[in-house]
Number of protein chains: 2
Amino acid sequence: MSATTARKERERAAREELILDHAQRLLLRDGYQNLNLDELAEAVEYSKGTLYLHFSNKEDLALSVATRALQERADLFEQANQFTGRTRERIRAVGVACGEFARQHPAYFHVELMLKSASFWDRASEERKHLHSLQASRTFLSVNNIVQEAFRVGDISKVGTRPEEVTFGLVSVSMGSHIAAASRELAVACALADPFAVALKNGDIFCDGIGWKPLFADWDYAATDQRIRQELFPQATWLH
Amino acid sequence: MSATTARKERERAAREELILDHAQRLLLRDGYQNLNLDELAEAVEYSKGTLYLHFSNKEDLALSVATRALQERADLFEQANQFTGRTRERIRAVGVACGEFARQHPAYFHVELMLKSASFWDRASEERKHLHSLQASRTFLSVNNIVQEAFRVGDISKVGTRPEEVTFGLVSVSMGSHIAAASRELAVACALADPFAVALKNGDIFCDGIGWKPLFADWDYAATDQRIRQELFPQATWLH
DNA sequence: GTTTGATTATGACTTTGAGTCAAAAACTAT
DNA sequence: ATAGTTTTTGACTCAAAGTCATAATCAAAC
């Protein structure tokens with residue numbers, strides 16, 4: 001690749017990031033339905049045609065926004081995987097990372113939900129779909145690795161249950177909690193103080209339920225939390 | 001109200017059901033984005049204008065489809081509430097009802113997810129929104145009643161936890177499991193045999209986690225299941 | 001520094017489908 | 001049968017996604 005082509009490639013990538021930045025902002029403000037490509041073109045100061053040089057259609061664009069966020073999430077998960085300690089402390093680090101991500105990206109779960117609509121996957125390009133599933137695998141493996149090890153070292157010893165079932169449960173609890181917390185009506189009905197904390201708490205209950213040692217009552221997880229925050233998120237400001 | 005007016009009202013209601021039936025079918029086949037009102041008008045053999053005599057816009061129509069399904073769900077939940085036995089057996093009856101509903105309405109969770117998109121609630125009519133929240137309350141209360149009683153009789157004795165938090169957890173686990181199970185990729189990665197059974201299993205784990213007595217290991221829940229199926233769903237055919 | 005051919009960007013245009021409303025059809029009461 | 005009222009219609013408007021012929025820009029050769 002010549003020097004010129006390399007520069008062009010860089011410029012193209014930068015423009016794509018610019019488009020994604022604004023698309024994310026508008027998506028967050030208006031939702032997918034009301035995302036207007038004429039307005040987006042206006043915002044990034046390129047023509048609508050140029051948008052289509054990057055993305056094959058609106059779904060493809062939205063999927064890319066979601067994938068970029070998912071990548072950041074996967075990065076956080078893998079970082080959390082570096083945390084040292086008992087396996088249950090490590091899965092907790094992933095839980096905290098997940099909450100931290102949700103705090104920083106209040107719209108992410110909305111976007112992810114949007115992706116569950118079948119029509120999306122019909123229209124998005126194969127390439128973007130592949131990139132998305134790559135990042136999805138990274139988050140899945142981050143969790144599953146820890147669960148596997150927990151079985152290996154005997155911190156989980158539930159007979160008749162495969163590691164993947166536990167991973168599936170953890171993902172379900174986490175996803176469900178965040179989605180449910182995002183539903184204002186339910187959050188109000190349940191008088192939830194901190195919708196992010198509730199996902200962690202539900203995770204604790206689930207882990208206790210499968211008997212993942214050390215159980216919540218048998219360990220100082222407040223200390224673990226503090227260590228997680230110091231080691232993994234030293235920059236973040238913790239209000240509680 | 002005169003006899004004529006009464007008849008007209010009946011006819012109008014019947015037409016609305018007809019529209020909702022076909023809308024549900026097309027929504028299931030094509031998703032919300034690709035639901036075409038011209039095609040729907042064609043299918044129900046009324047003009048497009050007539051659709052707008054019933055629903056103020058496309059979102060309003062989709063919300064109505066969702067509400068109708070939710071009503072059926074709330075009916076099942078309230079039926080399940082009649083089940084007699086220990087509180088944990090009763091919550092299990094609700095769980096089975098939830099799974100039975102998911103089996104009968106494979107699209108429901110997709111539609112419910114769609115509703116989480118903010119733009120929906122901006123455009124739907126106040127009346128339809130109210131009807132929806134009414135049905136949502138019914139399902140919430142069905143679960144919350146049992147949880148309250150479990151605290152009252154001492155089957156749950158977790159200090160520092162309010163009943164509503166437990167209810168929120170149960171809803172999260174159930175919703176999360178069904179959504180996660182609907183995601184083909186994850187279900188395949190985890191090699192799930194029965195995506196419906198997994199929601200129940202996750203519920204068991206969660207209940208064990210909060211120490212809801214009798215614990216899963218201390219009671220013959222297979223027998224409870226059989227009783228639930230005989231008493232609540234005698235008509236259904238059980239493959240397992 | 002000008003020409004030329006290739007690449008890239010544009011925005012006017014096409015198409016699609018949601019939502020409207022004046023006119024037509026159907027119904028009701030006298 | 002007729003006049004007045006209500007209901008239904010589908011051609012129309014309008015907004016926004018997606019296209020593509022043309023314009024602008026760029027890179028290499030002379």
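Just so it is clear, the model here is predicted, and its values are computed rather than measured. Chain identifiers are assigned alphabetically (A, B, ...) following the order of the sequence lines, protein sequences preceding nucleic acid strands; residue numbering begins at 1 within each chain.
Within the nucleic acid shown, A/Leu40 has no heavy atom closer than 4.0 Å to any nucleic acid atom. Residue contacts shown for A/Leu51 are absent, as no nucleic acid heavy atom lies under 4.0 Å away.
Side-chain N/O atoms of B/Lys58 include one lying less than 4.0 angstrom from OP1 or OP2 on C/dA18. Contact between the side-chain N/O atoms of A/Arg123 and the OP1/OP2 oxygens of D/dA17 is not found at any separation under 4.0 Å. Contact annotation: B/Arg15 side-chain N/O to D/dT8 OP1/OP2 distance is under 4.0 Å. Residue A/Asn36 places at least one side-chain N or O under 4.0 Å from the OP1 or OP2 atom of D/dA17. Close to C/dC27, at under 4.0 Å from its OP1 or OP2, lies no side-chain N or O of B/Arg7.
Put simply, CZ on B/Arg12 is 13 Å from C1' on D/dT8, counting in whole angstrom units. A straight line from CD of B/Glu9 to P of D/dT6 spans 15 Å, rounded to a whole angstrom. Atom pair B/Leu37:CG and C/dT20:C1' shows a separation of 13 Å (rounding to whole Å applied). Distance, B/Leu35 CG to C/dG17 P: 11 Å, rounded to whole Å. Following rounding to the nearest Å, A/Glu11 (CD) and D/dC26 (P) show an atom-to-atom distance of 9 Å. If you take CG of A/Asn34 and P of D/dA17, they are 10 Å apart, rounded to a whole angstrom. When the C1' atom of C/dT8 is taken as reference, atom CD of A/Glu16 falls 16 Å away, rounded to whole Å. Whole-Å rounding puts the B/Gln33 CD to C/dA18 P distance at 11 Å.
Taking the side chain of B/Thr50 as heavy atoms from C-beta on, and the options D/dA17, C/dA9, D/dT9, the nearest nucleotide is D/dT9. Comparing D/dG18, D/dT6, D/dC26 by their closest approach to the side chain of B/Lys8 singles out D/dT6. The listed nucleotides are C/dG11, C/dG19, D/dG18; the one nearest the side chain of A/Ser47 is C/dG11. Comparing D/dG18, C/dA18, D/dT9 by their nearest atom to the side chain of A/Tyr52 picks out D/dG18.
Checking each of A/Leu186, A/Asn202, A/Val198 against B/Ser172 for a side-chain contact (heavy atoms from CB on, under 4.5 Å) leaves exactly one that passes, namely A/Asn202.
Aromatic ring centroids of B/Phe196 and B/Phe101 lie 6.0 Å or more apart.
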Hey, mind stepping through A/Glu112 and A/Arg73 against salt bridge (charged side-chain N to carboxylate O under 4.0 Å, His left out) and telling me if it holds? CA-CA 12 Å; A/Glu112 176 150 316; A/Arg73 200 165 122 95; 5.1 Å; no

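Without hydrogens or angle criteria, B/Arg162 side chain to A/Cys190 main chain gives a donor-acceptor distance under 3.5 Å.
Position along DNA chain D of the nearest nucleotide to A/Asp38 versus A/Ser56 favours A/Asp38 as the more 5'-ward residue.
Sparse packing is recorded around CD of B/Glu45, with 12 or fewer heavy atoms of other residues, nucleotides or ligands lying under 6.0 Å away.
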